[in-house]
Number of protein chains: 2
Amino acid sequence: MVSGRGPRERMVFSAAQLLRRGGVAATGMREVVAHAGAPRGSLQHYFPGGKEQLVNEAVEWGGGYAAERVGRFLAELPEPSPGALFAAMVRQWTDELASAPDATGCPVAAAVVDRAGSVESTREAAAAAFARWARPVARALTDMGVPAARAEPLATLMISTLEGALLIARAERDPRALTTAVAELGPLLDAAVAEGT
Amino acid sequence: MVSGRGPRERMVFSAAQLLRRGGVAATGMREVVAHAGAPRGSLQHYFPGGKEQLVNEAVEWGGGYAAERVGRFLAELPEPSPGALFAAMVRQWTDELASAPDATGCPVAAAVVDRAGSVESTREAAAAAFARWARPVARALTDMGVPAARAEPLATLMISTLEGALLIARAERDPRALTTAVAELGPLLDAAVAEGT
DNA sequence: GTACTACTATGACAGCGGTCATAATCGCGG
DNA sequence: CCGCGATTATGACCGCTGTCATAGTAGTAC
């Protein structure tokens, strides 16, 4: 069960949560309602666009959540550096993976795999979510001294590697791929700062 | 329609192909049969384990295919280097993405997203597929002069980044994330060779 | 020809999914 | 109390899915 402001928000949140587990098709509307502790009738009311709309909003929520976390990580870093930021981002996933291995997927990735080829609006929502996530990362990199021209590519690289490593980690039920990503990519990211000075 | 040796092989191949499009749940058994041009009755005969078995074999096939491609890439490289290998691996995806944007996902990724949390055997099949894919990559790296201790981590990194970038590229309907991955990761990979000399 | 195995054909079934139609209730201004 | 929009309740519908039961055909060994 999920607490939150209104039934609408809870349903979006629950949808995102369930997407992470088993993807879009495996997530039923009735299941979302139950998970959110929301009235079933509210589905029709708040999401006249049906499942497509609900999924899209869940994806959007996911992108916003990830973006917001970046800011939080930055605030908590003892001494900021691209590698340290990346490590913090990855760490969240290893932690979740340790406590709930079966439920720790990325809702945006799920939407891409299940719907990118068939539902345009969902594909766009996913692209927007990734972009929204990358923006604060790129900005943080420039603030740390990474040359402006490389900030955006490196931000994309960080998210790419994170997503892929997460996929492998889920398959292996082992955070190995994630920790490897940090170990190998961290130095590269930090080196980009030096080039900017 | 698909040509191949026996109906059995064709069905596995078709399953993998359809998995790439819309994931596991969106891929129906009847659809696989039709795509393979195979007799429906053969499903029961060759896959008594049902959809689970078919999906697992499709995932295994995907892993084998990826592994085999690595060998082919190596043979075709004018002057081998880790970065060049990575570029070749990525290039295959950008090409496919250009010709069939909606059908160019990774079947293994699809299996992870849709089934890793619910079907153990499929999760294991996915992990095995990734491992099978990484093995020839790691071996190629050592052959190129990468220190043995870093070969495997770097192979994992390459596949992680590739998978993640592919996800983003599909969402954006644009190979940007993939080309970025090559541009940013290539130098890092090549630098690992220098450290080995 | 007979028997036996490999393979194929087909129809049914039970379940679940998203969606819709319809109606009830709630909260509040007048 | 009345009206009215916002919300919720519920049941039905139809399509699809994986699976199974049953029966048919093909090919081969004897």
Side-chain angles (χ1 to χ4, degrees), chain A residues 1-19 21-59 110-111 113-115 117-122 125, chain B residues 1-2 4-19 21-59 107 110-111 113-115 117-122 125:
Chain A
M1 209 68 81
V2 165
S3 68
R5 305 252 284 289
R8 214 203 121 98
E9 289 181 9
R10 290 208 311 276
M11 281 190 279
V12 172
F13 177 80
S14 289
Q17 216 61 19
L18 293 173
L19 280 188
R21 279 178 151 59
V24 179
T27 301
M29 305 263 100
R30 293 167 173 84
E31 192 186 358
V32 172
V33 162
H35 183 276
R40 185 155 92 79
S42 296
L43 262 182
Q44 227 178 131
H45 187 71
Y46 291 115
F47 305 94
K51 189 174 189 175
E52 178 176 340
Q53 181 185 355
L54 178 57
V55 168
N56 292 357
E57 294 200 21
V59 167
V113 165
D114 284 351
R115 291 285 190 265
S118 53
V119 184
E120 262 289 301
S121 71
T122 301
Chain B
M1 210 69 80
V2 164
R5 303 252 285 290
R8 212 203 122 97
E9 289 181 9
R10 290 209 310 277
M11 282 190 280
V12 172
F13 177 80
S14 288
Q17 217 60 21
L18 294 173
L19 279 187
R21 279 178 153 54
V24 179
T27 299
M29 306 264 101
R30 292 165 174 84
E31 192 186 359
V32 171
V33 162
H35 184 275
R40 184 154 91 83
S42 297
L43 262 183
Q44 225 177 133
H45 188 70
Y46 291 115
F47 305 95
K51 188 172 189 177
E52 178 176 341
Q53 182 185 356
L54 178 57
V55 168
N56 291 358
E57 294 200 20
V59 167
V113 165
D114 285 351
R115 293 284 190 264
S118 54
V119 183
E120 262 288 301
S121 71
T122 301

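As the structure is a prediction and not an experimental result, all values here were calculated from the model. Order of the sequence lines fixes the chain letters, A, B, ..., with proteins taken first and strands second; residue numbering starts at 1 for each chain.
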**Q** Using the 3.5 Å cut-off, write out each protein N or O paired with an N or O of nucleotides 20-23 of chain C and the distance between them.
**A**
{"residue": "C:dA21", "atom": "N6", "partner": "A:Q44", "partner atom": "NE2", "Å": "2.7"}

**Q** Between C:dC16 atom P and A:E31 atom CD, what is the distance in whole Å?
**A**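 Distance check: A:E31 CD to C:dC16 P gives 12 Å.
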**Q** Between A:L54 and A:L43, is any pair of side-chain heavy atoms under 4.5 Å apart?
**A**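 Contact flag for A:L54/A:L43 side chains = yes.
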**Q** For A:G23, is there any backbone N or O sitting under 3.5 Å from a side-chain donor or acceptor partner on A:D114?
**A**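 Not at all, since once roles are kept as given, no pair shorter than 3.5 Å links the two residues.
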**Q** For the residue pair A:R8 and A:F13, would you count it as a cation-pi contact if the rule is NZ or CZ under 6.0 angstrom from the ring centre and within 45 degrees of the ring axis?
**A**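 Not flagged: A:R8 not positioned over aromatic ring of A:F13.
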**Q** Of the non-hydrogen atoms in A:M11 and A:V32, which two are nearest, and what is the gap between them?
**A**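 Scanning both residues, the minimum pair turns out to be O-CG1, 3.5 Å.
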**Q** Heavy atoms only: give me the nearest A:R5-A:R10 pair and the separation to one decimal.
**A**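 Residues A:R5 and A:R10, closest heavy atoms: O-NH1, 3.9 Å.
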**Q** For nucleotides 4-7 of chain C, list the nitrogen or oxygen atoms of the protein found under 3.5 Å from its nitrogen or oxygen atoms, one pair per line.
**A**
{"residue": "C:dC7", "atom": "OP2", "partner": "B:H45", "partner atom": "NE2", "Å": "3.0"}

**Q** Could you tell me the separation between the CG atom of A:L18 and the P atom of C:dG17, rounded to a whole number of Å?
**A**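 Computing the A:L18:CG to C:dG17:P distance gives 12 Å.
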**Q** D:dC16 P sits how many Å from B:K51 NZ, rounded?
**A**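 My rounded result for the distance is 15 Å.
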**Q** Should B:R21 and B:T27 count as side-chain neighbours, where that means a heavy-atom distance under 4.5 Å?
**A**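 A side-chain contact under 4.5 Å is absent here.
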**Q** Per the atom types in the model, does the base of C:dT19 pair as donor or acceptor with the side chain of A:R30 at under 3.5 Å?
**A**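 Answer is yes: a donor-acceptor pair is held.
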**Q** Whole Å only: how far is the CG atom of A:L54 from the P atom of C:dG18?
**A**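 One finds 10 Å between P of C:dG18 and CG of A:L54, rounded.
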**Q** Rounded off to whole Å, could you give me the CZ-to-C1' distance for the A:F47 and D:dT8 pair?
**A**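 The distance from CZ of A:F47 to C1' of D:dT8 comes to 15 Å, rounded to the nearest Å.
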**Q** Would you mind reporting whether A:F47 and A:E57 have side-chain heavy atoms less than 4.5 Å apart?
**A**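 A:E57 vs A:F47: side chains touch.
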**Q** For a 4.5 angstrom cut-off between non-hydrogen side-chain atoms, does B:Y46 reach B:Q53?
**A**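 Sidechains of B:Q53 and B:Y46: no contact.
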